[in-house]
2 protein chains.
Amino acid sequence: MDDARIRPRPGSPGAARGHATRDDRVGMDRLADQWSGLVILLLADGTRRYAELRSALREFAGGISEKMLTQTLRGMERDGLLTRRDHQTYPRRVEYTLTPLGLSLREPLLTVCDWSARHREDIRRARARYDASP
Amino acid sequence: MDDARIRPRPGSPGAARGHATRDDRVGMDRLADQWSGLVILLLADGTRRYAELRSALREFAGGISEKMLTQTLRGMERDGLLTRRDHQTYPRRVEYTLTPLGLSLREPLLTVCDWSARHREDIRRARARYDASP
DNA sequence: CGGAATCCGAGACGATACTG
DNA sequence: CAGTATCGTCTCGGATTCCG
């Protein structure tokens with residue numbers, strides 16, 4: 001589906017053939033991490049500051065560490081999904097905004113999110129049943 | 001979005017509050033791994049055997065280890081996305097088939113997959129630009 | 001406030017070998 | 001064929017500390 005994944009990494013023995021590093025990902029894979037999708041959805045309503053994102057993520061995803069948030073945002077900026085704007089004030093103020101590309105991801109994302117919401121209970125039940133059986 | 005994620009793990013210090021294990025995931029999170037989504041798409045055309053899946057995955061995803069494939073399939077079975085059927089023959093023959101639930105995931109998945117295909121190049125360019133800048 | 005740097009444990013994942 | 005078992009490495013990602 002994406003051959004960027006099979007490109008090996010120089011120094012790593014385990015990577016003799018395969019094993020992608022997060023940075024090698026493209027497209028669908030970018031959504032594969034915990035956070036990118038959520039950030040898209042949060043920013044779809046408009047620009048948000050770093051701290052706003054952080055607290056929003058705390059509210060309905062159990063929280064994200066500063067490190068992960070920064071890392072996620074940087075990765076998304078790199079992929080052209082959002083732009084970062086640093087107003088050089090004090091106290092500091094950094095805002096994140098979706099690019100058109102990032103925004104275009106919203107719809108597809110919602111279909112999956114929607115599926116997830118609708119079948120969350122089905123899955124929970126299936127899981128309970130499976131775990132209960134011999 | 002899903003509070004199953006914040007349930008801590010008994011023995012792990014890092015899990016004082018957070019850090020999901022793959023097994024705690026629900027819904028959207030299940031797609032978050034490399035393979036589940038791909039398996040859904042492969043099985044959407046019909047029942048497949050273990051080895052068939054494995055070689056299909058080798059063909060357009062750089063290959064999956066037996067361990068990971070088994071692990072993925074078991075997880076998906078647990079979530080009620082597919083069923084496993086072991087014909088007790090020799091040589092052995094184990095078939096995997098999507099459940100209606102698993103099949104229902106196909107459409108949402110395709111919309112994302114489609115987005116990915118359409119914007120792969122945009123992303124690659126954005127990335128190149130970002131990496132080239134100071 | 002919005003990070004960067006460092007440390008470190010847990011677990012994801014591949015490789016290999018063995019089994020029914 | 002379809003796994004299981006064991007092992008080892010590498011990465012993820014939280015905690016903590018420091019900075020402008």
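Only heavy atoms go into these numbers, but all of them, side chains included; no hydrogens, no water, no symmetry mates. Proteins get letters first, then strands, A, B, ... in listed order; numbering begins at 1 in each.
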Please report the C-alpha distance between Leu53(A) and Ile64(A) in whole Å, then the side-chain angles of each, then the deciding distance to 0.1 Å, and finally whether the side-chain contact (heavy atoms from CB on, under 4.5 Å) criterion is met.
-> CA-CA 10 Å; Leu53(A) 284 172; Ile64(A) 181 176; over 6 Å; no
Whole-Å distance between dT4(D) C1' and Leu73(B) CG?
-> 15 Å
Please confirm whether the backbone N or O of Met68(B) pairs with a side-chain atom of Thr72(B), one donor and one acceptor, at under 3.5 Å?
-> yes
Can you tell me the distance, in whole Å, between the CD1 atom of Ile64(B) and the P atom of dC13(C)?
-> 9 Å
Walk me through it: do Leu101(A) and Trp115(B) pass the test side-chain contact (heavy atoms from CB on, under 4.5 Å)?
-> CA-CA 10 Å; Leu101(A) 181 61; Trp115(B) 184 94; 3.9 Å; yes
d(CG, Leu69(A); P, dA4(C)) in whole Å = 11 Å
Looking at CG of Asp79(B) and OH of Tyr130(A), how far apart are the two atoms once the value is rounded to the nearest 0.5 Å?
-> 10.0 Å
So Met76(B) and Ile40(B), side-chain contact (heavy atoms from CB on, under 4.5 Å) or not? Walk me through it.
-> CA-CA 9 Å; Met76(B) 294 175 69; Ile40(B) 294 273; 3.7 Å; yes
Take the protein atom OH of Tyr96(B) and the nucleotide atom P of dC1(D), then report the distance between them rounded to whole Å.
-> 14 Å
Nearest-neighbour nucleotide for the Pro91(A) side chain, dC1(C), dC13(C), dT4(D) considered = dC1(C)
Rounded to whole Å, NZ of Lys67(B) lies from P of dT16(C) at a distance of 13 Å
Any Arg84(B) side-chain nitrogen or oxygen under 4.0 Å from OP1 or OP2 of dG3(D) | yes
Should Arg92(B) be listed as having a side-chain N or O under 4.0 Å from OP1 or OP2 of dT4(D)?
-> no
Quick check: are there more than 12 heavy atoms from other residues, nucleotides or ligands sitting under 6.0 Å from CZ of Arg85(A)?
-> no
Stretch residues 44-56 of chain B: residues that reach within less than 4.0 Å of DNA chain C through a heavy atom | none
Nucleotide dG3(C), atom P - distance to NE2 of His87(A) in whole Å = 12 Å
Within this structure, what is the OH-to-P distance between Tyr90(B) and dA2(D), rounded to whole angstrom?
-> 12 Å
Take the C1' atoms of the five end pairs on each side of the helix from dC1(C)-dG20(D) to dG20(C)-dC1(D), get both axes, and report the angle to 10 degrees.
-> 40°
Kindly give the heavy-atom pair with the smallest separation between Asp122(A) and Arg118(A), and that separation in Å.
-> OD2-O, 4.4 Å
Please walk me through it: do Tyr96(A) and Glu52(A) pass side-chain contact (heavy atoms from CB on, under 4.5 Å)?
-> CA-CA 10 Å; Tyr96(A) 294 90; Glu52(A) 292 173 333; over 6 Å; no
With a 4.5 Å heavy-atom cut-off, do Arg106(A) and Leu41(A) have their side chains touching?
-> yes
Tell me: CD of Glu66(A) to P of dA5(C), nearest whole Å?
-> 14 Å
Using heavy atoms to find the nearest nucleotide of DNA chain C for Thr70(A) and Ser65(B) separately, return the residue whose nucleotide is more 5′.
-> Thr70(A)
